[in-house]
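Values reported hereafter were calculated over all heavy atoms of this structure, with side chains retained and with hydrogens, waters and symmetry mates removed.
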Amino acid sequence: MKKLEKIINKTAQGKLEFNVGLALLLESDYNFKALFTTLHNYIINSIPDKIDFNTEAYQNALNTIPLKPSYTPVALLKTFSTKIAFQKLALLPEEENNKTITALLWIFKITDTERRNTECKDGCGHYWHETE
């Protein structure tokens, strides 16, 4: 697992406090596109309902993102379907990158926690749930 993936998973699992994990991901030399793609894939895989991605955990994540609801990434995620929102997030100007990553990391933390507490509670074999 890459360093980036370890930080994401440790943050989602509460092994790193959210703001600490976020700060590590947003270090000055981070690659937004790579981080965005990784978080996007992780979120899509962590949501059980692949038809519309509109699970209770996903809605809870959207409604508890630790950013102002008026921030563009949050507004897009709440206004559009998951697929369209992610397409729009990828096209936002660079000054929105940190807010976008904050929102996505939070969503993954909430949706993956739900998955670990339901689908994976008796063991799952997902190597990323085994991070040290």
Got a sec, which residues hit ring-ring contact (aromatic ring centres under 6.0 Å, His included) with F18, two or more places apart in sequence or on another chain?
W106
Counting only heavy atoms not in E95 (residues, nucleotides, ligands), do more than 12 fall under 6.0 Å from its CD?
yes
Does the side chain of N63 pick up a donor-acceptor pair with the side chain of Y58 at under 3.5 Å?
no
Would you name the heavy atoms of L77 and A85 that are closest together and state the gap between them?
CA-CB, 3.9 Å
Run the side-chain contact (heavy atoms from CB on, under 4.5 Å) check on L35 and N97 step by step: do they pass?
CA-CA 10 Å; L35 184 51; N97 287 359; over 6 Å; no
How long is the straight-line distance from CD1 of I107 back to CG of L62, given to the nearest 0.5 Å?
5.0 Å
Rounded to the nearest 0.5 Å, the OG1 atom of T64 sits from the NZ atom of K109 at a distance of 10.0 Å
Distance in Å, L39 CG paired with F32 CZ, rounded so as to fall on 0.5 Å steps
9.5 Å
Could you point out which residue of N45, I47, N41 forms a side-chain contact (heavy atoms from CB on, under 4.5 Å) with I43?
I47
Could you give me the CA-CA distance, side-chain angles and deciding distance for Y30 and N98, then say whether side-chain contact (heavy atoms from CB on, under 4.5 Å) is met?
CA-CA 10 Å; Y30 86 103; N98 287 2; 2.9 Å; yes
Locate the shortest heavy-atom distance separating I110 from A61; write the atom from each residue and the value.
CB-CB, 3.6 Å
Which atom pair, heavy atoms only, marks the closest approach of P73 to T100?
CG-OG1, 3.4 Å
Value rounded to 0.5 Å, distance of CD in Q87 from NE2 in H40
8.0 Å
Over all heavy atoms of both residues, which pair between T11 and G21 is shortest? Give the atoms and the distance, please.
OG1-CA, 3.3 Å
Polar side-chain atom of D112 near backbone of F108 as donor-acceptor pair, under 3.5 Å
no
What pair of heavy atoms forms the shortest contact from P69 to K78, and how long is it?
CB-NZ, 4.3 Å
From T38 atom OG1 to I8 atom CD1, the distance as rounded to the nearest 0.5 Å:
5.5 Å
Would you sort out whether F86 and L104 count as a side-chain contact (heavy atoms from CB on, under 4.5 Å), showing the intermediate values?
CA-CA 10 Å; F86 274 86; L104 298 184; 3.5 Å; yes
How long is the gap from CG on L16 to NZ on K6, to the nearest 0.5 Å?
12.0 Å
Not counting sequence neighbours, which residues clear salt bridge (Lys or Arg N to Asp or Glu O under 4.0 Å) with K99? List them please.
E96
Looking at K15, is its backbone amide N or carbonyl O close enough to the side chain of Q13 to form a donor-acceptor pair, meaning the two atoms are under 3.5 Å apart?
no
Do you know which two heavy atoms are closest between P66 and T102, and how far apart they sit?
CG-CG2, 4.5 Å
Is the count of non-hydrogen atoms from other residues, nucleotides or ligands lying under 6.0 Å from K83 atom NZ greater than 12?
no
Show, in sequence, the C-alpha distance, side-chain angles and deciding distance for I44 and T82, and conclude whether the side-chain contact (heavy atoms from CB on, under 4.5 Å) test is met.
CA-CA 9 Å; I44 296 304; T82 306; 4.2 Å; yes
